[in-house]
Amino acid sequence: MQNQTNTPREVAIQITGLKKQYKLGQIGGGTLTADLQSWWSRVRGKEDPNVKIGTDTRLFGKTFMALNGVDLTVYKGEALGIIGRNGAGKSTMLKVLSRITAPTEGEIRLNGRVASMLEVGTGFNQEMTGRENIYMNGAILGMTKAEVDAKLDQIIEFSECGDFIDTPVKRYSSGMFVKLAFAVAAHLDSEIMVMDEVLAVGDMKFQQKCLGKMSDVAGQEGRTVLYVSHNMSTIRQLCTRCVVLDQGRVIFEGDVEQAIAVYMDTTDVNVVHYDLDDVGRMNVGAGQRFRLQSLDFVDKESSVYADTEKVRVRIQWFVTEPFAGIHMKMNLHFRDSSPVGITHPVNLGAAEPGRTYTTTFEFDPSLLGEGQYFFYLDIFDGDMRTAVCLDKPVTEFRFEVTSADLTMPEWAAGWGRIHFPPVKLIEDSI
C-alpha cells in the first residue's frame with residue numbers, strides 16, 4: 001500500500017543491527033540433581049546420563065546466530081508479513097520485539113505498547129478463568145480495570161467463548177484457546193500487534209474473521225501488525241508489505257508477491273531426513289502422549305519424484321500411554337501454500353507405552369501436476385468426527401514432482417495442480 005500524501009510516515013518499529021546468538025546444547029536438566037549428574041559426568045569425561053540418545057554432544061558449547069544483522073523499519077498502520085523457511089529467524093525476531101528474550105547486539109525502538117501472540121495461549125495462566133486472563137493481560141499492557149471493562153463485552157463476543165468465559169482456561173480446547181487469545185490481543189489497547197502462526201489452529205470461518213479484524217486494526221485503527229505465517233494465502237490477504245528472512249538475515253523487503261516468489265526460491269527439496277523431536281508443534285498438548293521423532297524419504301538422495309514413481313516415507317514415533325488405534329492424515333499443499341488436498345486417514349495400529357515404532361507408507365503422485373509440494377502430518381486419536389490431535393509438527397515436508405507428459409501446455413499450470421483423466425467422447429444416437 002503506497003502512502004497517498006507527501007507527509008512523512010510515522011515509524012512504529014525501528015530495528016538496527018539486530019543480532020541474537022544462542023549457545024547450542026542442553027542448558028539445564030530441570031532439577032538440581034540432574035544438573036549435578038551432568039556436571040559430574042563432564043568432569044570425569046563420561047557420557048551425560050541426562051542427554052537424549054543420539055544427541056551429538058560435540059555441538060555443545062558452539063554458538064548459532066539466529067539473527068545476524070537485521071535492519072528494518074516498520075511504519076504505523078502497516079501490516080507487515082514476515083516469511084522464510086523454518087529456522088530462518090522469524091520467531092526469534094518476534095520474541096526479541098516482544099521482550100521475551102534480549103538481543104545479543106543491536107537496537108530496537110518501539111513507538112507504542114506491544115500485544116504479542118506467539119503461540120496458542122501465550123501469557124495465559126492455566127488456572128485462571130478466561131475472564132481473569134483478560135484482566136491480567138490488560139494489566140500487563142498498563143490498562144486500568146475501567147479500560148478493560150469497556151472492552152470486555154467486545155472481547156467475549158469476538159472470541160465466541162461466552163459460555164465458558166468463567167471456566168479455567170486449562171479446560172479449553174486448542175481452538176477455544178486461540179479464539180480467546182486472539183480476541184484479547186486484537187481488542188486491548190496496544191499500538192503494535194505481533195502474531196506468529198496464530199491461525200494454524202481454529203476453524204476456517206474464525207480464521208477469516210481474524211484476518212478481517214487484523215485488516216481493520218491496521219487499516220482503520222492505524223495500529224501496526226507484524227504477522228509471521230507459512231500460509232501464503234493469508235499473507236496475500238492481510239499484508240501490505242513483506243520481508244523474507246533466510247539464515248537470520250533480511251534477503252528481501254518490499255512487494256508481497258515478489259517476496260513470496262523469493263521465499264519459494266529459498267525452499268529446498270534436497271532434504272530427505274527430518275529430526276522432529278525438538279521442533280515446535282501446532283497445537284497445545286501435541287507431541288506429549290504421541291511424538292513423531294523423525295521422517296525420511298526412503299532410498300532417496302533428494303525428494304524429487306517422477307510422476308510414475310511412488311513417494312515412500314518412513315516415520316519413527318514414540319508413545320507414553322497405550323492406544324488401541326492411532327490415525328494419520330496428510331495435508332498436501334503446493335509450494336505457495338495453496339491447498340491441494342487431504343488424504344484419507346490411515347490407521348497406524350495399536351501402540352504400547354514406552355516403545356518406539358517405525359512405520360513406512362507410500363502415496364501415488366501421478367495425478368499431481370509438475371512442481372514443488374509440501375505436506376504436514378496430522379496424527380490423531382479417534383475417528384474424524386471425534387478426532388483429538390496427538391501430534392502435528394510445524395514442519396513442511398517438501399518434495400517435487402516431475403512429469404514426462406509433454407502434451408500439457410505451459411499455461412495449464414495456472415489452472416490448478418491436478419492432472420484430470422482424459423475426457424472421453426460419447427457418441428449420442430439421433
Side-chain angles (χ1 to χ4, degrees), residues 10 12-13 74 76-80 91 94-101 108-203 205-228 238 284:
E10 185 177 347
I13 303 172
V74 186
K76 181 180 179 180
E78 187 173 35
L80 180 73
S91 297
L94 296 194
K95 288 177 181 177
V96 172
L97 291 174
S98 302
R99 297 190 177 98
I100 292 173
T101 185
I108 301 173
R109 293 183 180 180
L110 300 172
N111 184 16
R113 293 173 293 188
V114 178
S116 61
M117 188 175 168
L118 305 185
E119 60 183 41
V120 178
T122 299
F124 276 26
N125 185 309
Q126 296 281 326
E127 300 299 326
M128 295 169 67
T129 67
R131 188 187 304 272
E132 290 167 340
N133 273 289
I134 293 173
Y135 281 102
M136 181 182 70
N137 276 265
I140 291 172
L141 285 173
M143 297 174 64
T144 65
K145 183 178 183 299
E147 289 173 325
V148 178
D149 285 340
K151 301 277 188 177
L152 186 62
D153 290 342
Q154 298 176 43
I155 293 172
I156 295 175
E157 181 182 359
F158 189 94
S159 71
E160 302 174 1
C161 296
D163 293 340
F164 311 98
I165 200 65
D166 292 310
T167 300
V169 297
K170 66 182 180 182
R171 300 179 184 171
Y172 283 17
S173 67
S174 57
M176 292 169 63
F177 247 112
V178 81
K179 288 181 176 183
L180 183 59
F182 182 90
V184 169
H187 287 84
L188 294 184
D189 288 340
S190 61
E191 288 74 30
I192 301 169
M193 285 178 60
V194 176
M195 302 284 172
D196 188 0
E197 293 287 6
V198 295
L199 301 182
V201 183
D203 55 78
K205 182 179 178 181
F206 189 77
Q207 289 181 16
Q208 291 302 315
K209 185 177 176 180
C210 292
L211 286 169
K213 180 61 180 177
M214 283 195 283
S215 296
D216 292 343
V217 162
Q220 298 178 17
E221 300 177 23
R223 294 157 67 187
T224 305
V225 177
L226 269 64
Y227 179 54
V228 165
L238 173 67
V284 172

Who are the salt bridge (charged side-chain N to carboxylate O under 4.0 Å, His left out) partners of [X], not counting sequence neighbours?
| X | result |
| --- | --- |
| Asp149 | Lys145 |
| Asp166 | Arg131 |
| Arg113 | Glu191 |
| Lys151 | Asp189 |

Got a donor-acceptor contact below 3.5 angstrom from the Thr129 side chain to the Glu132 backbone? yes
Looking only at atom types and distance, does a side-chain atom of Asn133 sit under 3.5 Å from a main-chain N or O of Asn125, one as donor and one as acceptor? yes
Nearest-0.5 Å distance that lies between atom [atom1] in [X] and atom [atom2] in [Y]:
| X | Y | atom1 | atom2 | result |
| --- | --- | --- | --- | --- |
| His187 | Glu157 | NE2 | CD | 8.0 Å |
| Met193 | Met214 | CE | CE | 6.5 Å |
| Ile165 | Ile134 | CD1 | CD1 | 4.0 Å |
| Cys161 | Met176 | SG | CE | 5.0 Å |

Note, Val148 side chain near Asn137 side chain (heavy atom, < 4.5 Å): no
Contact between Val114 and Leu97 at the side-chain level, heavy atoms closer than 4.5 Å - yes or no?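 A side-chain contact under 4.5 Å is absent here.
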Just to verify, what does [X] make a side-chain contact (heavy atoms from CB on, under 4.5 Å) with, not counting sequence neighbours?
| X | result |
| --- | --- |
| Thr167 | Phe164, Arg171, Tyr172 |
| Arg99 | Leu110 |
| Glu221 | Lys213, Val217, Arg223 |
| Thr224 | Ala12, Val74, Lys76, Ile192, Leu226 |

What's the shortest heavy-atom distance between [X] and [Y], and which atoms?
| X | Y | result |
| --- | --- | --- |
| Val225 | Ala218 | CG2-CB, 4.2 Å |
| Val194 | Ser98 | CG1-OG, 4.0 Å |
| Phe158 | Ala183 | CD2-CB, 3.8 Å |

The test is side chain to side chain contact (heavy atoms under 4.5 Å, CB included); show your working for Ile100 and Leu94 and say whether it passes. CA-CA 9 Å; Ile100 292 173; Leu94 296 194; over 6 Å; no
